[in-house]
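Here is the structure we will look at, set down as structure tokens.
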Amino acid sequence: MSAFALIDCNNFYASCERAFRPELRHRPVVVLSNNDGCVIARSNEAKSLGVVMGTPYFKCKTLLEHHGVAVFSSNYALYGDLSARVMRILARFCSNVEIYSIDEAFADFSGIPGGTMTFARRLKATVEAWTGIPISIGIGATKTLAKLANRFAKKHPRCQGVFDLTASPAPDLVLKSTEIGDVWGIGPRHAKRLRSLGVSNAHVFRSQKRDWVKKKMTVTGLHTLLELRGMPCLDFATGPVAKKTIVSSRSFGHPVTRYEDLLEAAAQYTTRAAERLRRQQAVTSHVHFFLQTNTFKRGHPQYSNAAQVPLLIATSHTPTLIKAAHSGLKRIYRKGYTFKKCGVMLSGLEPVNGRWLNLLDLPPESGSRHEPLMQAVDAMNARWGQDTVKFAASGLNGSWHMRRNHRSPRYTTVWKELLEVHAS
DNA sequence: TCTGGGGTCCTAGGACCC
DNA sequence: TCTGGGGTCCTAGGACCC
């Protein structure tokens with residue numbers, strides 16, 4: 001029988017901050033979203049203080065200060081690098097590792113000699129010793145059951161972070177103790193509806209009729225049902241899956257009214273999106289630009305709109321894409337509004353080597369200088385850090401830039417910010 | 001004053017074709 | 001009340017994930 005493992009990092013962003021600040025080991029830690037907006041990660045101590053996920057920072061600031069909570073702005077350079085370290089270790093010891101998110105991976109635990117529990121415990125100790133990041137491991141006959149086992153491992157201290165549902169003497173009890181909304185694939189909407197029908201936990205859900213579930217929750221709900229019964233519907237994704245769309249958007253650090261600021265922000269976000277596009281060796285045929293005012297400000301005039309700009313030739317050439325984003329902005333910009341957010345979406349992605357050419361295309365030589373240029377830009381920025389070279393259209397220090405008042409050093413990716421150790 | 005960002009999949013319904 | 005049948009493509013909206 002096949003066995004899936006779901007391996008995830010505990011309170012990942014908070015654990016990353018702690019990895020380089022051992023004195024925070026027993027202090028509550030929270031990490032904020034971009035612009036220091038909301039709480040998006042909490043250490044266990046912060047959770048028990050009652051700090052709720054997603055709470056706006058300004059609403060819980062007093063509580064955090066009162067309890068001496070260490071507060072961090074998000075530092076994605078650090079989290080991305082520590083994530084890569086964890087994933088490399090998993091790939092070294094496990095077969096079929098599928099990276100599911102920045103802090104989670106599925107792995108194939110079928111037929112491990114000596115038993116899954118021993119292997120899992122050893123793996124957990126290794127990751128923690130080599131990276132400083134604590135992890136939990138759940139094992140089940142399907143991905144959905146592995147997820148469920150992982151939750152159980154975290155919740156019950158006697159599991160010590162590892163739980164194998166396939167070897168559990170009472171799997172039904174585990175399903176009964178899993179609230180319906182905590183099942184992977186069942187979101188708040190469906191959970192509410194199911195609860196009102198008396199389907200309150202994973203065990204009750206599992207015994208529902210297939211047709212009924214499919215009718216109410218489409219085939220995705222049916223997959224969840226069958227997975228809970230131990231029939232795998234979701235297999236390992238082989239290799240990184242190419243994205244179908246790429247979005248780059250941000251809320252502004254300060255409200256924006258000036259057209260020039262929007263031009264800069266559009267250029268900056270397009271630059272980021274184009275970098276990701278080239279990294280997956282693709283080109284895009286459509287640039288979408290969207291902007292919106294602050295929807296939380298009731299009573300203020302609201303406006304949001306989006307424009308789609310088709311490209312004659314699919315490309316990943318940043319200046320071409322910036323021009324397209326700017327023409328989208330020009331179409332939908334309205335004077336007199338205070339904007340909160342804008343963004344760029346690239347769609348119609350195709351592999352760079354298999355792209356469709358337009359009948360009216362000039363010969364390939366016409367863009368022949370684009371590719372080496374972008375390669376050179378990417379290489380320089382990879383070597384010396386993001387934005388070592390950048391396009392003037394992005395501006396230098398626009399007031400629209402993100403607020404990040406509590407960012408920790410990028411210990412592992414920027415030389416100047418390396419951890420210093422002083423002998424005393 | 002202050003409320004994140006980036007994705008996927010599924011379905012229904014409209015436009016359009018012969 | 002009744003208005004052909006069958007198909008494709010696209011988009012918007014809903015639901016979910018981290």
Side-chain angles (χ1 to χ4, degrees), chain A residues 6-13 30-41 52-62 64 71-76 79-80 83 98-106 143-144 147 150-151 180-194 213-224 227 233-234 237 240-255 269 272-273 275-277 280 286 288 290 292-298 300 306 308 310 338 340-349 399 402-406:
Chain A
L6 189 271
I7 302 154
D8 81 339
C9 304
N10 304 344
N11 315 324
F12 183 53
Y13 297 168
V30 302
V31 178
L32 305 176
S33 64
N34 286 332
N35 278 317
D36 297 342
C38 300
V39 173
I40 53 165
V52 178
M53 186 76 165
T55 312
Y57 179 42
F58 73 92
K59 282 191 181 169
C60 57
K61 200 172 171 190
T62 318
L64 299 179
V71 175
F72 292 93
S73 303
S74 35
N75 181 350
Y76 290 104
Y79 312 151
S83 168
E98 176 194 332
I99 299 174
Y100 178 66
S101 73
I102 193 166
D103 68 338
E104 281 179 61
F106 288 101
K143 281 184 167 180
T144 305
K147 274 276 202 182
N150 184 289
R151 269 193 69 83
I180 189 67
D182 292 334
V183 174
W184 188 47
I186 297 182
R189 293 292 177 103
H190 283 142
K192 192 176 167 198
R193 188 139 149 242
L194 288 166
V213 169
K214 186 172 177 198
K215 202 172 148 203
K216 301 284 179 193
M217 301 169 65
T218 79
V219 296
T220 49
L222 180 60
H223 286 162
T224 300
E227 286 244 322
C233 300
L234 310 167
V241 182
K243 301 259 180 288
K244 294 172 181 171
T245 57
I246 291 175
V247 178
S248 176
S249 72
R250 296 273 183 287
S251 297
F252 301 125
H254 300 277
Y269 303 161
R272 289 287 97 82
E275 284 166 359
R276 277 190 268 151
L277 182 66
Q280 79 168 46
H286 287 82
H288 308 248
F290 59 91
Q292 63 190 56
T293 50
N294 189 344
T295 49
F296 287 103
K297 289 204 166 185
R298 293 182 200 285
H300 285 64
Q308 192 192 132
T338 304
K340 175 64 184 166
K341 181 178 183 175
C342 77
V344 168
M345 179 166 89
L346 308 179
S347 71
L349 306 193
S399 64
M402 269 196 284
R403 277 193 311 274
R404 281 198 292 208
N405 295 331
H406 310 278

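The structure displayed is predicted, hence computed values, not measured ones.
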Side chain of Ile40(A), heavy atoms from C-beta onward: which of dG4(B), dC18(C), dC2(B) has the nearest atom to it?
dG4(B)
Phe296(A), nearest nucleotide to its side chain (from dG6(B), dG5(B), dT3(B))
dT3(B)
When every nucleotide of nucleotides 9-16 of chain C is labelled 5' to 3' by its protein contacts under 4.0 Å (heavy atoms), B for base, S for sugar-phosphate only, - for none, what sequence of letters results?
------SS
NZ of Lys143(A) to CD of Glu98(A), rounded to nearest 0.5 Å, is 3.5 Å
Within the side chain of Asn35(A), is there an N or O that forms a donor-acceptor pair under 3.5 Å with the backbone of Arg403(A)?
yes
Does a side-chain N or O of Ser251(A) approach OP1 or OP2 of dG5(B) to a distance below 4.0 Å, or not?
yes
Which is true for Ser74(A) with a 4.0 Å heavy-atom rule: it touches a base, it touches only sugar-phosphate, or it touches nothing?
nothing
Closest to the Arg276(A) side chain: dC2(B), dG6(B), dC17(C)?
dG6(B)
When you measure from the side chain of Ser249(A), which nucleotide among dG6(B), dG7(B), dC2(B) comes out closest?
dG6(B)
Would you indicate what Ile246(A) reaches in the nucleic acid, counting non-hydrogen atoms under 4.0 angstrom: base, sugar-phosphate, or nothing?
sugar-phosphate
Rounded to whole Å, CZ of Phe290(A) lies from C1' of dG4(B) at a distance of 12 Å
Any Lys/Arg nitrogen of Lys147(A) or Glu227(A) sitting under 4.0 Å from an Asp/Glu carboxylate oxygen of the other?
no
Of the nucleotides dC2(B), dG5(B), dG7(B), which one has an atom closest to the side chain of Pro255(A)?
dC2(B)
Out of dG6(B), dT8(B), dC18(C), minimum distance to the side chain of Ser101(A) belongs to dC18(C)
Using a 4.0 Å heavy-atom cut-off across all strands, classify Lys214(A) as base, sugar-phosphate, or nothing.
nothing
Picking from dG6(B), dT3(B), dG5(B), which would you name as closest to the side chain of Lys59(A)?
dT3(B)
I'd like to check Arg250(A) versus Asn34(A) (side-chain heavy atoms, cut-off strictly below 4.5 Å). Are they in contact?
yes
DNA chain B stem ranges, 3 or more consecutive Watson-Crick or G-U pairs under 3.5 angstrom
B:5-18 with C:5-18
If I take atom CD1 from residue Ile246(A) and atom CZ from residue Arg272(A), how far apart are they, to the nearest 0.5 angstrom?
13.0 Å
Asn405(A) atom CG is separated from dG4(B) atom P, nearest whole Å, by 16 Å
Whole-Å distance, His300(A) NE2 to dT1(B) C1', equals 11 Å
Residue Lys340(A), side-chain heavy atoms: nucleotide from dT3(B), dC2(B), dT8(B) that is nearest:
dT3(B)
Rounded distance in Å - CE (Met53(A)) to P (dG4(B)):
13 Å
Could you check how far CD of Glu98(A) sits from P of dC18(C), rounded to whole Å?
13 Å
Okay, side chain of Asp36(A), backbone of Asn405(A): is any donor-acceptor separation there less than 3.5 Å?
yes
What's the spacing between Lys340(A) NZ and Lys297(A) NZ if we round to 0.5 Å?
8.5 Å
What does Lys341(A) touch in the nucleic acid at a heavy-atom separation under 4.0 angstrom: a base, only the sugar-phosphate, or nothing?
sugar-phosphate
Under 4.0 Å between any heavy atoms, over every strand shown, what does Thr295(A) touch: base, sugar-phosphate, or nothing? Just pick one.
nothing
Just by modelled atom types, is the Cys38(A) backbone N or O under 3.5 Å from a matching donor or acceptor in the Ser33(A) side chain?
yes
Could you check whether any side-chain N or O of Gln280(A) sits under 3.5 Å from a backbone N or O of Ala242(A), counting only pairs where one atom can act as donor and the other as acceptor?
no
If only side-chain N and O atoms of Arg272(A) are considered, is one of them under 4.0 Å from the OP1 or OP2 phosphate oxygen of dG6(B)?
no
Comparing nearest nucleotides in DNA chain B, the 5'-proximal residue of the pair Pro56(A), Lys243(A) is Pro56(A)
Of Asn35(A) and Thr218(A), the one whose closest nucleotide on DNA chain B sits nearer the 5' end is Asn35(A)
When you compare dG4(C) with dC17(B), how far apart are their C1' atoms, in angstrom units rounded to a whole number?
15 Å
NA contact type, Lys297(A), heavy-atom cut-off 4.0 Å: base, sugar-phosphate, or nothing?
sugar-phosphate
Nearest-Å distance, CG (Leu277(A)) to C1' (dG6(B))?
15 Å
Side chain Arg276(A), main chain Val247(A), donor-acceptor under 3.5 Å:
yes
To the nearest Å, how far apart are Ile102(A) CD1 and dG6(B) P?
13 Å
Whole Å only: how far is the CZ atom of Arg403(A) from the P atom of dT1(B)?
13 Å
With distance as the sole test, does Ser74(A) use its side chain to make a donor-acceptor pair with the main-chain N or O of Leu32(A) at under 3.5 Å?
yes
